[in-house]
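Keep in mind the model is a prediction, meaning the values are calculated, not measured. Atom set for the values below is all heavy atoms of this structure, side chains included, hydrogens, waters and symmetry mates excluded. This chain uses plain numbering: 1 for the first residue, then up along the sequence.
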Amino acid sequence: MSTAAALRGIGRQLDDAADLGRALDELLAARPEPPALLALGEPTHGIEAFPLLRNEILGHLVERGYRSIVLETDVFAASVVDDYVAGAPAQIDTVLATGFSHGFGAVPGNHELVEWLRAHNAGRAPQDRVRFYGFDAPTEYSGAPSPRRALSSVIEYLPAALRPESVHDLDTLLGEDTDWTNPAAMFDPAASIGDSDRARALRIIADDLASTLRRAAPDLHRADPTGYAYAVAHARTAQSLLRYHAAMASPAPDRIATLVSLRTEMMAENLLAIVAQEQRRGPSLVFAHNLHLHLQRTQSDGGDKVSWGNAGALVARTLGERYAFLATDAKPDSDPDTFQGMLAIATTRRALFPASALRAALPPSIGPGEPILPGHIPLTPAELDGADAVIFIADTDGKRHQYW
């Protein structure tokens, strides 16, 4: 049997919503445990086909008991969207502009997602609403913010009797926000405040606040579960941001890789917090770049270099079989001798390929195709080891919407 014929036999064609639903149900039913977190990746941002697939999958999963959607956007900005989809009055354009980081509010499919969630939630009890979360760090490509907001939010939340003695010097230690947001610090360690005496003192404050929240958790959580969850998120973010600023001040040759790994750590911690918060309501769907969600393992090359695990690998260390990952890819007019080309030949519109069967059917020498456009990272056969399935989309022109 030819490889093309074998792949056509393996793939589940997803020509309509009913096909998609059946394929998802069968895939998830075959797992040892139902996932608490189902991860759906995309190979690049801004191509309409991937968020639209996400929206369709979410609609099906909500019927199966999923009660939250998590996107690769600022963990705190996302609360603007969550309030709106719960019924808060707001203008949709404002929600899209302020409730998403990285300009993602302008990505095709996100407007439709937000409006669908608001309509779905209307009239439903809180326990039955679908919540909206972000899991990304509050950083941008040009740098990181001051920890002021995160630290101040925890202090304001805590009763005065519980506030640590160390917080009394907070304003002096923080100084001006511009001390922290200097864009030159991303490229010049000497321009960063992260290794200063002030920054080190603030790390003690952040640690004191996090410890206080843990020790007072029973009473604080009982009195205000939502407020407590937000305070914990702010304390966790303050600690992470201060670690990030310290790494920005480091002249080490692996400085950028360390910064990426610290962002990844924040992502993983946020995802695990969301799973814990949602465990009594239902599973969650998370949507982000394949690179963040793939079950990449932490490896060493035997020398001094270490490759850091991504968010999916870090989360899976805690969730185990309760974490599942579906990768996606697309490539119009792929070379038929490449991985993407073979999947394209076996796909009419969209198709789902179980990873284990797909790996067994591929020639051992097959390699990935060329990117659709800059920023697209084509899947490779080696990455099948870290996925439950691949959804390949053949009916897309591959054009990116200019969202930034």
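Checking side-chain atoms of Asn310 against main-chain N and O of Leu291 turns up a donor-acceptor pair under 3.5 Å. Of the possible polar contacts, one joining the Ser153 side chain to the Arg149 backbone as a donor-acceptor pair under 3.5 Å is found. A donor-acceptor pair under 3.5 Å links the side-chain atoms of Arg281 to the main chain of Arg67, judged by distance alone. No donor-acceptor pair under 3.5 Å is formed between the side chain of Ser146 and the backbone N or O of Asp177. Using modelled atom types, one side-chain atom of Arg118 and one backbone atom of Ala88 make a donor-acceptor pair closer than 3.5 Å. Remark: side-chain polar atoms of Asn290 are paired, donor with acceptor, to backbone N or O of Glu42 under 3.5 angstrom.
Among residues at least two apart or in separate chains, there is no side chain to side chain donor-acceptor pair (under 3.5 Å) pair with a member in residues 154-163. Residue pairs meeting the salt bridge (charged side-chain N to carboxylate O under 4.0 Å, His left out) criterion with at least one member in residues 76-102, sequence neighbours excluded, are Asp82-Arg131. Applying the salt bridge (charged side-chain N to carboxylate O under 4.0 Å, His left out) test to every pair with at least one member in residues 225-253, sequence neighbours left out, gives these pairs: Arg243-Glu265.
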Between Ser284 and Ile274, does the side chain to side chain contact (heavy atoms under 4.5 Å, CB included) criterion hold? Intermediate values first, please.
CA-CA 8 Å; Ser284 302; Ile274 291 166; 4.3 Å; yes
I'd like to know whether Trp180 forms a side chain to side chain contact (heavy atoms under 4.5 Å, CB included) with Arg148, so could you lay out the CA-CA distance, the side-chain angles of the two residues, the decisive distance to 0.1 Å, and finally the verdict.
CA-CA 10 Å; Trp180 302 88; Arg148 180 187 305 276; 6.0 Å; no
Stepwise side chain to side chain contact (heavy atoms under 4.5 Å, CB included) test for Arg12 and Asp19:
CA-CA 8 Å; Arg12 292 293 306 274; Asp19 290 339; 5.9 Å; no
Check against salt bridge (charged side-chain N to carboxylate O under 4.0 Å, His left out), Asp197 and Arg200:
CA-CA 5 Å; Asp197 290 341; Arg200 285 190 288 272; 2.5 Å; yes
May I have the step-by-step check of ring-ring contact (aromatic ring centres under 6.0 Å, His included) for His401 and Tyr403, ending in yes or no?
CA-CA 6 Å; His401 178 84; Tyr403 60 86; 7.6 Å; no
Are Phe392 and Phe339 close enough, and set up right, to give a ring-ring contact (aromatic ring centres under 6.0 Å, His included), and what steps lead you there?
CA-CA 11 Å; Phe392 191 82; Phe339 182 34; 8.1 Å; no
Give the intermediate values and the outcome of side chain to side chain contact (heavy atoms under 4.5 Å, CB included) for residues Tyr133 and Asn270.
CA-CA 10 Å; Tyr133 292 97; Asn270 289 334; over 6 Å; no
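To the nearest 0.5 Å, atom CG of residue Asp25 and atom CG of residue Leu61 are 8.5 Å apart. Once rounded to the nearest 0.5 Å, the distance linking NE2 of His245 with OG1 of Thr181 reads 8.5 Å. For the atom pair CG of Asp136 and OG1 of Thr73, the computed distance is 7.0 Å after rounding to the nearest 0.5 Å. Taken from CG in Leu293 to CZ in Phe287, the straight-line distance is 9.0 Å, to the nearest 0.5 Å. With values rounded to the nearest 0.5 angstrom, Thr139 atom OG1 is found 5.0 Å from Tyr244 atom OH. Note: Leu213 CG to Asp208 CG = 11.0 Å, rounded to the nearest 0.5 Å.
Residues Leu202 and Leu151 are in side-chain contact: their nearest non-hydrogen atoms beyond the backbone lie under 4.5 Å apart. Using a 4.5 Å heavy-atom cutoff, the side chains of Leu113 and Pro51 are not in contact. Residues Val62 and Trp116 form a side-chain contact, since some pair of their non-hydrogen atoms from C-beta on lies under 4.5 Å apart. Annotation: side chain of Leu262 is not in contact with side chain of Trp308 (no heavy-atom distance under 4.5 Å). Using a 4.5 Å heavy-atom cutoff, the side chains of His289 and Ile377 are in contact. Side-chain contact between Pro189 and Ser250 is absent, with no heavy atoms from C-beta onward closer than 4.5 Å. With contacts defined as side-chain heavy-atom distances shorter than 4.5 Å, the pair Arg54/Leu71 qualifies. For the pair Ile10/Pro354, a side-chain contact is recorded, criterion being any heavy-atom separation below 4.5 Å from C-beta on.
Qualifying salt bridge (charged side-chain N to carboxylate O under 4.0 Å, His left out) partners for Asp16, counting only residues two or more places apart in sequence or in other chains: none. In this view, Ala125 and Gln127, Asp128 satisfy the side chain to side chain contact (heavy atoms under 4.5 Å, CB included) rule, not counting sequence neighbours. In this structure, Asp337 has no salt bridge (charged side-chain N to carboxylate O under 4.0 Å, His left out) partners at least two apart in sequence or on a different chain. Legend: residues meeting salt bridge (charged side-chain N to carboxylate O under 4.0 Å, His left out) with Asp335, ordered by chain and number and at least two apart, are absent. Not counting sequence neighbours, Tyr66 has no partner by the ring pair (Phe, Tyr, Trp, His ring centres under 6.0 Å) test. Asp329 meets the salt bridge (charged side-chain N to carboxylate O under 4.0 Å, His left out) test with no other residue; sequence neighbours excluded. In this view, Asp333 satisfies the side-chain hydrogen bond (donor to acceptor under 3.5 Å, both in side chains) rule with no residue, not counting sequence neighbours.
Among the candidates Asp169, Asp179, Thr172, the single residue satisfying the side-chain hydrogen bond (donor to acceptor under 3.5 Å, both in side chains) test with Arg198 is Asp179.
Note on ring orientation: taking the six-membered ring where Trp is involved, the planes of His234 and Phe76 are parallel (angle under 30°, cut-offs 30° and 60°).
What you find for Val114 and Val95 is that their closest heavy atoms are CG1-CG1, 4.4 Å.
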Side-chain donor/acceptor pairs under 3.5 Å, residues 28-40, sequence neighbours excluded:
{"from": "Arg31", "atom 1": "NH1", "to": "Asp388", "atom 2": "OD1", "distance (Å)": "3.4"}
{"from": "Arg31", "atom 1": "NH1", "to": "Asp388", "atom 2": "OD2", "distance (Å)": "2.3"}
{"from": "Arg31", "atom 1": "NH2", "to": "Glu321", "atom 2": "O", "distance (Å)": "2.4"}
{"from": "Arg31", "atom 1": "NH2", "to": "Glu321", "atom 2": "OE1", "distance (Å)": "3.4"}
{"from": "Arg31", "atom 1": "NH2", "to": "Tyr323", "atom 2": "O", "distance (Å)": "3.1"}

Mind listing the side-chain donor-acceptor pairs of residues 361-370 below 3.5 Å, one per line with the distance, residues two or more places apart or on another chain?
none

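In summary, Asp395 and Arg349 engage in a salt bridge, as defined by a charged side-chain N under 4.0 Å from a carboxylate O. Between Arg263 and Glu72 there is a salt bridge, since at least one side-chain N of the basic residue sits less than 4.0 Å from a carboxylate O of the acidic one. The existence of a salt bridge linking Arg222 and Asp219 is confirmed by a sub-4.0 Å separation between a basic side-chain nitrogen and an acidic carboxylate oxygen. Salt bridge status for Arg350 with Asp15: absent, with no side-chain N to carboxylate O gap under 4.0 Å.
Within a 6.0 Å radius of CD in Glu176, other residues, nucleotides and ligands contribute 12 heavy atoms or fewer.
A donor-acceptor contact closer than 3.5 angstrom is absent between the side chains of Gln91 and Tyr84.
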